[in-house]
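See structure below.
Numbers here simply count residues along the sequence, with the first being 1. Quick caveat, the model's predicted, so the values are computed rather than measured.
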Amino acid sequence: MTKPPQHVAVIGAGIVGVSTAIWLRRFGAEVTLIDRGAPEGRASYGNAGVLAACAVLPVTGPGLIRKAPGMLLDRNAPLFLRWAYLPRLLPWLRKYLSHANDADTRRLAAGLAPLTSDSPDQHLALTEGLRAQRFVTQSDYAYAFADRAAWEADGYGWALRAEHGFVPEVLEGVAVQDYEPALGPSVGCLAVLKDHGFVQTPGEYIAALLQDFEDLGGRMLEAEVQDLTLEDGQVRQLETTAGPIPCDQAVVTVGAWSATLLKRLGLKIPLESERGYHVHFEGTEGAPQMPILLTMGQFAATPMQGGLRCAGVLEFGGLQAPPSRAPFELLRRSARAVFPGLQAAKETEWMGHRPALPDSLPVIGEVGQTGVFAGFGHHHVGLTAGPRTGRMLAAKITGRPVNIDLAPYRPERFA
C-alpha cells in the first residue's frame with residue numbers, strides 16, 4: 001500500500017463523487033470536493049432511488065434494433081426521441097445498437113454485475129457510522145407484469161439474471177395483491193427479488209452524505225472547473241471560477257458533462273445524455289410499500305418520505321432541450337393504471353441527464369498516467385453502483401487493492 005496522496009480534488013458532488021470523497025477521507029487523503037451547485041440538476045437528485053442489485057442487463061439486448069422503431073411510435077412505450085436531435089445522435093446510436101446481440105449482452109452483463117450486485121451492502125458500508133445511513137432501506141424489489149405470458153416473454157433477461165445469482169419468486173393471481181395491496185388487477189404476475197433496497201429521498205440522501213464528508217474533515221467548494229493543468233504529464237492544478245486549486249490527483253465525476261473535461265487530456269469520450277424523468281406524488285394514499293419496476297412502462301415506483309416517486313423512461317435529446325411532456329404523461333397514466341387507489345395532495349416533475357456510453361459500461365480508472373481519474377457513464381444505475389465505484393476509485397488512488405478487474409471500464413477503450 002502506497003502513501004495516500006497529499007491532496008485529491010474530486011469534481012462533481014453526485015453519488016459517485018461524494019462516495020469517492022468519503023472513501024478517500026477514510027483512506028487518509030486530503031480531499032476537496034468541487035461542485036457548481038444546483039443539486040436539483042444532478043441525476044443523483046431525481047433518480048428512482050432503487051438499489052437495483054439485479055440491474056446487470058444492458059438496455060441493448062437482442063431484438064432491440066427490431067423493436068425500437070415501433071417503440072418510438074407507441075405513446076405507451078418508454079422510449080422517446082427529440083427528432084431534431086437525431087442527426088447529432090446518429091454516430092453514437094450506431095455504436096450503441098451494434099451491441100444489441102447475445103454475445104455483447106453477456107459480455108456487458110459480466111461487466112455490470114460486479115458494480116451492482118451488492119449495492120445495498122455497498123451503501124451500508126459507505127454510510128457506516130454516518131447520519132446518512134437513515135435514508136438507506138433494505139427491501140424486496142418486484143417486477144410487475146400484466147400476466148404470466150408477459151413474464152415468460154422476458155425469459156432471456158431473467159435467464160441471464162439467474163446466471164448472476166438473481167432468481168425471483170414468481171407470484172400470480174390473488175397472491176399478487178396479497179403481497180402488495182396497492183396493485184390493481186392490471187398486474188397479474190410479480191417477479192419478486194430479495195436482498196435489494198431503496199433510498200428514501202435521494203436528494204436529501206446526497207445532501208446528508210455531503211455533510212458527513214465535511215464532518216470527516218473534507219472540504220467543499222462551490223465552483224465550476226474550467227480546465228486541468230498538467231506539468232510533465234501529471235495533473236497539478238484545476239482552474240476554477242473560484243480560482244486555481246492545486247492538487248496531486250483529480251477525479252472527474254460530473255456525469256453527462258464529464259467528457260468535456262477529459263477532452264483537455266486528448267481523450268474523446270462518446271458520452272450522451274439519457275434524459276430521465278420523474279413524477280413525484282406527495283401526500284399519497286394507495287402507494288406501494290416497496291419499489292416495483294412496472295414493466296409496462298419500464299419505470300420504477302418507489303415509496304419515499306411523504307410520497308411516491310415514479311421515475312425512469314428513456315429519451316434522447318441532448319443536454320440543451322427543455323423537458324418533453326409525453327414522458328410525464330406516460331408516467332402519470334401508467335402509475336394510475338397500476339395503482340388505482342393512488343391519490344396525491346401534490347405532484348412535482350423533474351427531468352435530468354443520465355450519462356450514457358455506447359457500450360453501457362461506465363468509465364472507471366486513471367486516464368493514462370496523468371493522475372486524473374474518471375468515474376461516470378453509469379446510465380440508469382448510477383445510484384445503484386455509485387458507492388462501489390467510489391470505493392474502487394479511492395482504493396486505486398491510495399494504492400489499496402481493488403479486487404475487481406477495471407479493464408472493462410478503462411477510459412482509453414474509446415480511443
Subject >> Whether Tyr96 and Phe316 hold their rings parallel, tilted or perpendicular, with breakpoints at 30° and 60° >> reply: perpendicular
Original post:
Under a 4.5 Å cut-off applied to non-hydrogen side-chain atoms, are Phe414 and Val363 in contact?
Top reply: yes
Original post:
Can you tell me how far CG of Leu171 sits from CG of Leu183, rounded to the nearest 0.5 angstrom?
Top reply: 10.5 Å
Original post:
salt bridge (charged side-chain N to carboxylate O under 4.0 Å, His left out) with Arg26: which residues, sequence neighbours excluded?
Top reply: none
Original post:
CE/Met296 to CZ/Arg333 distance, rounded to the nearest 0.5 angstrom?
Top reply: 14.0 Å
Original post:
Going by atom types only, do Thr127 and Gln133 share a side-chain donor-acceptor pair under 3.5 Å?
Top reply: yes
Original post:
Once you round to the nearest 0.5 Å, how far does NE2 of His99 lie from CG of Leu108?
Top reply: 6.5 Å
Subject >> Arg219/Glu30 salt bridge by N-O under 4.0 Å criterion >> reply: no
**OP:** Output yes when Asp215 and Arg131 qualify as a salt bridge under the 4.0 Å nitrogen-oxygen rule, no when they do not.
**Re:** yes
Original post:
Do Glu169 and Tyr179 have side-chain heavy atoms sitting under 4.5 Å apart?
Top reply: no
Original post:
Does the side chain of Val8 come within less than 4.5 Å of Arg25's, by heavy atoms?
Top reply: no
Original post:
Is the ring centre of Trp158 less than 6.0 Å from the ring centre of Tyr143?
Top reply: yes
**OP:** Enumerate the residue pairs fulfilling side-chain hydrogen bond (donor to acceptor under 3.5 Å, both in side chains) with a member in residues 306-316, sequence neighbours excluded, ordered by first and then second residue.
**Re:** Arg275-Glu315, Tyr277-Glu315, His280-Arg309, Glu315-Ser324
Original post:
Looking at CD of Glu128 and CD1 of Ile22, how far apart are the two atoms once the value is rounded to the nearest 0.5 Å?
Top reply: 12.5 Å
Subject >> Cationic N near anionic O, under 4.0 Å, Arg107 to Asp359 >> reply: no
Subject >> Straight-line distance of Arg388 CZ to Ser19 OG, nearest 0.5 Å >> reply: 12.0 Å
Subject >> Sidechain-backbone polar pair: Ser186 side chain, Ala337 backbone, donor-acceptor under 3.5 Å >> reply: yes
Subject >> Distance-only donor-acceptor check, side chains Tyr45 and His278, under 3.5 Å >> reply: no
**OP:** Hey, could you give me the CG/CZ distance between Leu293 and Phe299, rounded to the nearest 0.5 Å?
**Re:** 9.0 Å
Original post:
If you measure only the distance, is there a donor-acceptor pair under 3.5 Å linking the side chains of Gln226 and Thr241?
Top reply: no
Original post:
With the threshold set at 4.0 Å, does a side-chain nitrogen-carboxylate oxygen contact exist between Glu329 and Arg336?
Top reply: no
Original post:
Going by an N to O cut-off under 4.0 Å, is there a salt bridge joining Glu349 and Arg325?
Top reply: yes
